[in-house]
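Worksheet for the structure shown next.
All heavy atoms count here, side chains included; hydrogens, waters and symmetry mates do not. Since this is a predicted model, take the numbers as computed values, not measurements.
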Amino acid sequence: MTRPLKPPNSHNSSINFLRRRPALLHLLCAAAIFSLALFALQSSLFTGNRRLNNVDREKLRTLNDFQSSVQQCVANRGLGLTAHIIDHCKMVLKFPPGTNSTWFNQQFKVFEPLEYSYDVCETILLWEQYRNMTTVLTREYLDARPDGWLEYAAKRIAQLGTDKCYNRTLCEEHLNVILPAKPPFHPRQFKTCAVVGNSGDLLKTEFGEEIDSHDAVIRDNEAPVNEKYAKYVGLKRDFRLVVRGAARNMIAVLKGSVDEVLIIKSVTHRDFNKMIKEIPNPVYLFQGIVLRRGAKGTGMKSIELALSMCDIVDIYGFTVDPGYTEWTRYFSEPKKGHNPLQGRAYYQLLECLGVIRIHSPMRAERKQEWSDVPSREMIRNAHAAALHLKRNQSGEDGGLGQFGSCKVWGNAGTYGSGPISGSPDMSDTRKKSNYNKWEVMPFKSLRKEAQDHFIQMEGVSLYKMDGNKLEDLVCVRHSLKSDA
């Protein structure tokens, strides 16, 4: 026979509550201590073990506010992507569950992931730096760099037969045809630039007139520009970034577009030099920059080129929206090998950092406005905060100014002085052309914003050295005297 349960004793309940109360207080205290420790750990990511001063705290608040703004921008513009903040610099971009991951990594036997981690502080430092850089190889860069002619020049010449330029005259013969003395293009030279990729998505929307309305248009490799595709990709042709394998096709692709500037992506070689000597077009070598980032390919290099000379960079034809099943080109059969989700996430991050503006079929029907992208003032403040904390972490002097990343210095003459690119054995077509117009352009002919920037930078050109360090720049000082 079971005994009836006794009613709870209020006295005993009070005793039990009092016994549990210290344990509850201990848990609350432990949680508070953990939160403080977590904040201290986050704060030390950039400031090391140093005690945070008021300036550092203010910089952290600036970066936290910036992260929140970027997060909101991704939510508004990401077409399903979401941004998850880890700390004042770290952020993860995630695709919605069920996104079709179509790219398969043969090496690791896995499909492309649906989330990607980024360091927003490092990213904003990198891309704001591009706004002040030269991305065309010049003679002044090779002259200023300690190993410029002996080692670096050899890396930019295919089929040289040696790993170093022991015979400088021979190396100059290879490079002179595409080697200007000074930068032919300058930061802020153009207000708006369109970078046109080759995605088949371009055929879904008629962006042609909009693309042609830009001050400069940059295209990739053999992408055709003709009446057949005019309403989709436009007809304006100012710059074309080409890889080594495209050299044999360039004469046919150009089809009399004598002013279109060719930028060779990697190395020059005999096939390129033979082609260059027969055409009137300006041709230069992209100043090689090797940096780890979240997107690859010629399209990414075209954005780097555009940002180094344009205030506003609009991108088209990058297949930047999720949901498609394969990488296609608007003028040929599908091409394998791209990892579209990784590029999609990174381009979205760049848009919300104010680096680029994305145009795609999924946005074509709605009015494009950019109020949800952080303002230039907020971006400048975030850049200053990230730079301060990075230098504080490394123990660098905070008063290094705008040239704090210059590791190598050189000197050159006034703007527009020095030899122009070319060689004695060029064809009459090239000798009589205006291919050198960029190299001898008078300073007073530059856009006012470009002139102001040149003066604000004290006549210094910045070049990125190869490698993954943001800090390693070659800086060449020019005389500010000019025909202006």
Side-chain angles (χ1 to χ4, degrees), residues 74 76-81 93 95-96 98-104 111-112 114 116 192-214 217-237 239-241 243 253 294-303 305-306 312-352 355-370 373:
V74 173
N76 293 345
R77 307 188 65 83
L79 297 170
L81 277 169
L93 263 62
F95 284 90
T99 300
N100 188 10
S101 182
T102 60
W103 183 76
F104 185 74
F111 280 96
E112 193 173 15
L114 298 182
Y116 298 90
T192 61
C193 290
V195 178
V196 185
N198 298 335
S199 169
D201 276 3
L202 284 165
L203 300 178
K204 298 177 182 178
T205 309
E206 298 180 1
F207 278 131
E209 290 186 7
E210 182 177 321
I211 290 171
D212 285 347
S213 69
H214 289 76
V217 178
I218 301 171
R219 304 178 190 271
D220 294 339
N221 295 317
E222 300 101 325
V225 182
N226 53 42
E227 292 295 338
K228 178 180 179 180
Y229 300 111
K231 65 181 179 180
Y232 305 113
V233 301
L235 293 172
K236 187 174 174 62
R237 42 203 304 183
F239 295 88
R240 187 178 293 265
L241 191 66
V243 297
V253 169
K296 302 175 182 178
T298 306
M300 192 75 252
K301 294 296 182 184
S302 296
I303 291 175
L305 174 67
I312 299 172
V313 177
D314 294 299
I315 69 170
Y316 301 82
F318 278 71
T319 313
V320 294
D321 299 307
Y324 56 90
T325 57
E326 63 181 348
W327 176 266
T328 60
R329 293 189 288 186
Y330 75 86
F331 55 89
S332 66
E333 294 299 317
K335 183 179 181 181
K336 296 181 179 180
H338 286 73
N339 41 352
L341 295 184
Q342 182 183 20
R344 166 72 179 99
Y346 192 65
Y347 290 133
Q348 186 58 64
L349 177 66
L350 294 190
E351 183 177 55
C352 288
V355 177
I356 59 176
R357 304 194 305 192
I358 297 172
H359 300 263
S360 74
M362 294 184 72
R363 296 177 174 179
E365 298 304 320
R366 67 183 181 89
K367 181 181 179 182
Q368 285 286 291
E369 53 91 20
W370 314 96
V373 175

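In this structure, CG in Asn198 is found 8.0 Å from OG in Ser332, a value given to the nearest 0.5 Å. Summarising the geometry, atom OH belonging to Tyr116 is positioned 10.5 Å from atom CG belonging to Leu93; distances are rounded to the nearest 0.5 Å. With rounding to the nearest 0.5 angstrom, the CD1 atom of Ile303 is 4.5 Å from the CD1 atom of Ile356.
Residues Leu81 and Phe95 form a side-chain contact, since some pair of their non-hydrogen atoms from C-beta on lies under 4.5 Å apart. Counting heavy atoms from C-beta on, the side chains of Thr205 and Tyr316 never come closer than 4.5 Å. You'll find the side chain of Asn221 reaches within 4.5 Å of the side chain of Val243, heavy atoms only. Side-chain atoms of Tyr347 and Met300, non-hydrogen and from C-beta on, do get closer than 4.5 Å to each other.
Annotation: side-chain contact (heavy atoms from CB on, under 4.5 Å) contacts of Ser213 (sequence neighbours excluded): none. Annotation: side-chain hydrogen bond (donor to acceptor under 3.5 Å, both in side chains) contacts of Glu222 (sequence neighbours excluded): Asn249. Under the side-chain hydrogen bond (donor to acceptor under 3.5 Å, both in side chains) criterion, Tyr330 pairs with no residue, sequence neighbours left out. For Val373, the side-chain contact (heavy atoms from CB on, under 4.5 Å) partners at least two apart in sequence or on another chain are Cys73, Arg77, Trp370. Evaluation of the side-chain contact (heavy atoms from CB on, under 4.5 Å) rule for Glu209 yields no partner, not counting sequence neighbours.
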Worksheet item: So Leu235 and Asp212, side chain to side chain contact (heavy atoms under 4.5 Å, CB included) or not? Walk me through it.
Response: CA-CA 7 Å; Leu235 293 172; Asp212 285 347; 4.0 Å; yes
Practice prompt. Could you walk me through whether Lys236 and His214 pass side chain to side chain contact (heavy atoms under 4.5 Å, CB included), step by step?
Written response: CA-CA 9 Å; Lys236 187 174 174 62; His214 289 76; 5.5 Å; no
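Applying the salt bridge (Lys or Arg N to Asp or Glu O under 4.0 Å) definition to pairs two or more places apart or across chains, those involving residues 226-235 are Glu206-Lys231.
Nearest heavy atom pair, residue Arg240 against residue Ala223, reads NH1-O, 2.9 Å. Residues Pro361 and Asp201 approach most closely at CG-O, 3.4 Å, considering heavy atoms. Nearest heavy atom pair, residue Ile218 against residue Ala306, reads CD1-CB, 3.5 Å. The nearest pair of heavy atoms linking Ile358 to Glu351 is N-OE2, 2.9 Å.
A side-chain contact (heavy atoms from CB on, under 4.5 Å) with Val196 is found for exactly one of Asp314, Asp220, Leu202, Val225, namely Leu202.
In this structure, Phe331 has its ring center no closer than 6.0 Å to that of Tyr229.
Remark: the backbone N or O of Gly197 is not paired with any side-chain donor or acceptor of Arg219 at under 3.5 angstrom.
Ring orientation note: the planes of Phe207 and His359 are nearly perpendicular, at an angle over 60° on the 30°/60° scale.
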